[in-house]
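As the structure is a prediction and not an experimental result, all values here were calculated from the model.
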Amino acid sequence: MPLASRSRPVLLVSGLVYGLIGLALAAGGAWLVALGGSPYYLIAGLGILATGALLVAGRPAALWVFAAVLIGTLAWAVGEIRFDWWPLAARGDVIFLMALWLLTPWVTRALRRSAGTSGKAMTLPLWAGVAASVAVLAAGLLSSYHAIDGTIAAAAPGAAAPQPAADQPDEDWRAYGRGQSGQRYSPLAEITPANVKDLKVAWTFRTGDLPGPNDPGETTFEVTPIKVRDTLYLCSQHQRLFALDAKTGALRWSYDPKIKNDPTFQHLTCRGVSYHEAEAGAVDTTGAPAPADCPRTIFLPVNDGRMIALNAETGAPCQGFGDHGTLNLQQGMGVTTAGFYEPTSPPVVSDRIIVIAGSVIDNYSTQEPSGVIRGFDIYTGKLVWAWDAGAADENALPSATHTYTNNSPNSWITASYDPKLGLVYVPMGVQSPDIWGGNRSPESERYSSALVALDINTGKRVWHYQTVHHDLWDMDLPSQPSLVDLPGPGGVRPAVLQPAKTGNLFVLDRRTGELIVPAPERPVPQGPAPGDRLSPTQPFSELTFRPEALLTGADMWGATIFDQLACRILFHQLRYEGTFTPPSLQGTLVFPGNLGMFEWGGIAVDPVRQIAIANPIAIPFVSKLIPRGPDNPAAPNDAHPSGSEIGVQPMYGTPYGVVLHGFLSPLGLPCYRPPWGYMAAIDLKTMKIAWMHRNGTIRDEAPVPIPLKMGVPSLGGPMTTAGGVAFLTSTMDYYIRAYDVTNGEQLWEDRLPAGGQSTPMTYAVDGQQYVVTAAGGHGSFGTKIGDYVIAYTLAR
């Protein structure tokens with residue numbers, strides 16, 4: 001057989017494969033160019049198509065043409081994103097592998113035989129392109145884009161402002177944020193950067209509470225336990241309450257509220273419980289002696305619309321509270337459908353008042369329960385006051401002729417409390433449906449997505465600050481505010497720090513609501529959907545994690561060049577003009593996305609070092625309005641919502657439904673380039689981001705469990721300590737990690753048996769410090785489900 005004939009099969013097959021790849025890239029590239037995107041894919045596709053034709057023809061020029069494609073790809077990639085390794089890899093991975101195939105002996109030998117030459121010069125340009133690619137990728141591996149490297153200097157002696165006492169022993173953690181200031185800071189210092197590597201599991205407790213067939217997808221184990229004296233208290237997904245020995249993890253007692261849940265509930269979670277200890281001679285709000293059956297009380301929110309008071313020693317219901325220990329939070333509501341109003345976060349307690357709020361089903365209809373905030377007598381459960389954000393009379397109490405206002409804006413996360421000022425700080429949501437506001441009343445708009453300060457004894461509003469005007473993006477305030485005293489030229493200033501989903505961190509004087517860090521109003525994109533309206537401006541805090549630059553096609557990502565091309569096409573098909581681009585029938589890219597850059601975990605504040613620790617995330621979402629029609633009726637045909645916040649949302653009572661989902665490639669990967677999650681610190685002395693590093697790996701999300709540190713999203717928050725160590729457990733990979741608060745260096749990690757979408761806490765017993773986290777996974781986040789509570793301590 002002639003030499004040329006023997007070379008035909010490998011060249012023919014290779015040429016056909018390259019031709020098909022080139023044709024696909026050229027066709028997709030032409031589509032992208034028509035949408036206004038980069039011409040690279042069209043040019044590269046034509047080059048690869050030409051390479052395929054030359055291979056079929058047996059021409060060595062195929063290697064020269066592909067060398068031009070490879071070197072052109074390299075130049076284009078570096079020009080777009082410099083030496084950022086993950087975006088570089090996505091642009092060049094397939095092209096690089098195709099180049100290596102062309103350099104294999106099977107191809108080069110076949111080309112020489114076909115051309116009847118023994119020359120080796122034909123491979124030199126392609127080898128040069130491969131060498132340049134390796135050098136560029138190596139440079140990318142050594143680069144650290146999107147990071148801020150810095151160090152926070154320790155506060156000088158006496159420089160830190162004196163902080164209010166947490167009203168508890170140093171070894172305890174008696175509230176969701178340790179104190180009701182929401183700092184998530186412990187004065188314990190046994191664990192330090194020098195010895196944190198020696199942490200070992202001290203005990204593990206299994207709740208036995210796992211999601212069942214009748215549970216919604218948003219079934220989550222998000223609890224932060226509290227510790228009082230020698231007992232740990234925590235609740236599980238079905239609001240079962242457990243009291244554990246803080247030293248050994250042994251069960252002391254448990255209580256099952258027997259929640260009446262079903263798959264239509266939008267949430268099934270309990271982030272924590274609250275504790276109250278009566279002082280000697282305590283009286284209720286009427287001046288009568290407090291009931292004697294529960295001198296120490298645990299308050300348990302239940303997702304079916306109840307709050308239960310239990311004796312902290314025995315777990316028995318407090319008979320003098322509400323109806324034999326149970327408070328029906330559906331009282332006074334105009335809509336009482338089970339699962340439409342769900343208290344998922346622990347209430348705020350003062351010496352006489354307990355303040356409770358709740359989650360309200362999102363995006364179902366315009367006829368949903370009120371988001372009313374209420375203050376009850378902490379001993380008797382009697383209603384003392386109500387603050388109804390959507391009512392003409394904010395403080396009107398229910399009666400035989402009056403119910404709370406349907407669809408009032410709600411508050412679904414824990415508030416904070418300053419006992420010295422007597423103010424409770426309530427982070428507000430937006431009136432549902434979240435994505436349409438054409439029929440909202442002025443009353444329902446005034447406090448949406450606002451931080452509101454209420455007098456804890458009367459419920460009267462003292463001040464408020466709105467972080468988003470006419471919110472159509474679900475950019476509510478998702479986390480507990482943090483209270484801290486800040487020193488300054490004019491003396492100590494009591495401040496409140498409020499993270500927002502937008503990535504802004506608003507810093508206000510907690511006495512007046514006056515901004516400490518400026519947040520000027522800026523013009524934002526206009527052009528609402530027909531029938532809606534927009535605010536011409538929005539506040540933009542000067543302390544923010546929000547990307548200042550607009551996203552472009554260069555920010556699109558994918559595991560390969562193909563899904564990156566698909567993401568670019570999707571990007572150019574969506575409406576996007578920056579932050580606050582309005583929802584549209586075309587489909588809008590929402591960034592920061594609906595999950596927000598901050599979520600319910602909030603931040604941790606070290607009041608001595610004057611720093612805040614945060615775990616911002618960056619995942620764009622897509623919001624697309626759907627006009628009413630046969631597949632999108634104007635009214636429900638049954639009484640059962642979807643039980644999910646993702647996917648088709650009906651928004652009955654408005655002209656549209658909406659589809660909400662993450663901005664993902666056809667392979668299900670984020671279309672936005674990594675990192676998607678960080679650990680960061682803010683220097684509160686300068687109000688600047690001091691350091692920020694990508695955090696977490698794709699080990700538990702990738703098909704192959706390789707722990708590549710790309711920086712992954714997290715749900716939950718950080719905790720920090722006087723020892724100079726911060727902890728986080730809420731990433732998509734299953735780890736608890738410890739960090740040096742001065743520079744963000746990761747000091748230690750341990751593998752968790754399930755997803756850790758919770759916020760850790762710490763306490764001490766007999767002088768020994770423990771760190772505790774819940775590891776039970778998160779339904780809609782897609783992490784492994786479990787029922788673990790794990791305590792760590794230093795090996796002794």
Side-chain angles (χ1 to χ4, degrees), residues 266 334-335 337 340 359-371 389-390 405-410 412 428-450 466-478 501-502 524-536 538 574-577 579-596 620-637 641-661:
Q266 202 166 66
V335 175
T337 306
F340 276 31
S359 173
V360 175
I361 187 170
D362 277 327
N363 295 321
Y364 183 64
S365 79
T366 55
Q367 294 300 311
E368 296 177 5
S370 174
T405 305
N406 290 351
N407 279 61
S408 278
N410 69 310
W412 54 272
M428 294 298 294
V430 64
Q431 183 186 59
S432 185
D434 301 337
I435 316 299
W436 172 258
N439 53 3
R440 292 179 190 162
S441 68
E443 289 81 9
S444 69
E445 291 274 76
R446 57 192 169 178
Y447 307 124
S448 287
S449 302
Q466 189 168 61
T467 64
V468 179
H469 312 314
H470 193 64
D471 188 349
L472 302 178
W473 305 268
D474 194 20
M475 290 292 124
D476 54 15
L477 296 180
K501 283 186 178 180
T502 55
V524 292
Q526 297 297 291
D532 211 333
R533 59 188 183 276
L534 291 169
S535 170
Q538 297 287 354
L574 296 169
R575 181 177 178 187
Y576 173 72
E577 299 155 33
T579 304
F580 299 115
T581 302
S584 63
L585 281 74
Q586 171 187 349
T588 292
L589 182 64
V590 182
F591 185 65
N594 293 55
L595 277 180
F621 261 59
V622 174
S623 168
K624 183 175 183 179
L625 296 172
I626 309 169
R628 296 295 173 202
D631 298 325
N632 184 26
N637 52 21
S642 68
S644 172
E645 292 183 90
I646 303 297
V648 178
Q649 309 286 295
M651 301 204 300
Y652 297 124
T654 76
Y656 304 98
V658 67
V659 175
L660 299 172
H661 57 81

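- A 4.5 Å side-chain heavy-atom check between Pro582 and Arg575 finds at least one atom pair inside the cut-off.
- Residue Leu595 holds its CG atom at 7.5 Å from NZ of Lys501, rounded to the nearest 0.5 Å.
- Side-chain contact between Tyr656 and Pro583 is absent, with no heavy-atom pair separated by less than 4.5 Å.
- The shortest distance between side-chain heavy atoms of Gln466 and Met428 does not fall below 4.5 Å.
- The shortest distance between side-chain heavy atoms of Val659 and Val622 does not fall below 4.5 Å.
- Counting heavy atoms from C-beta outward, Leu660 and Asn594 have side chains that approach closer than 4.5 Å.
- For the pair Ser444 (side chain) and Arg440 (backbone), a donor-acceptor distance under 3.5 Å is absent.
- Within the 4.5 Å cutoff, the side chain of Pro592 has heavy atoms near those of the Thr579 side chain.
- Not less than 6.0 angstrom separates the ring centroid of Phe591 from the ring centroid of Tyr576.
- When each of Ile435, Thr588, Val430, Asp532 is tested with Leu472 by the rule side chain to side chain contact (heavy atoms under 4.5 Å, CB included), just one qualifies, namely Asp532.
- A heavy-atom distance below 4.5 Å is found between the side chains of Val468 and Gln538.
- Rounded to the nearest 0.5 Å, atoms CG (Asn410) and CG (Asp476) are 7.5 Å apart.
- The only member of Ser432, Ser359, Pro369 that meets side chain to side chain contact (heavy atoms under 4.5 Å, CB included) when paired with Phe340 is Pro369.
- For the pair Ser370/Asn407, no side-chain contact is recorded, criterion being any heavy-atom separation below 4.5 Å from C-beta on.
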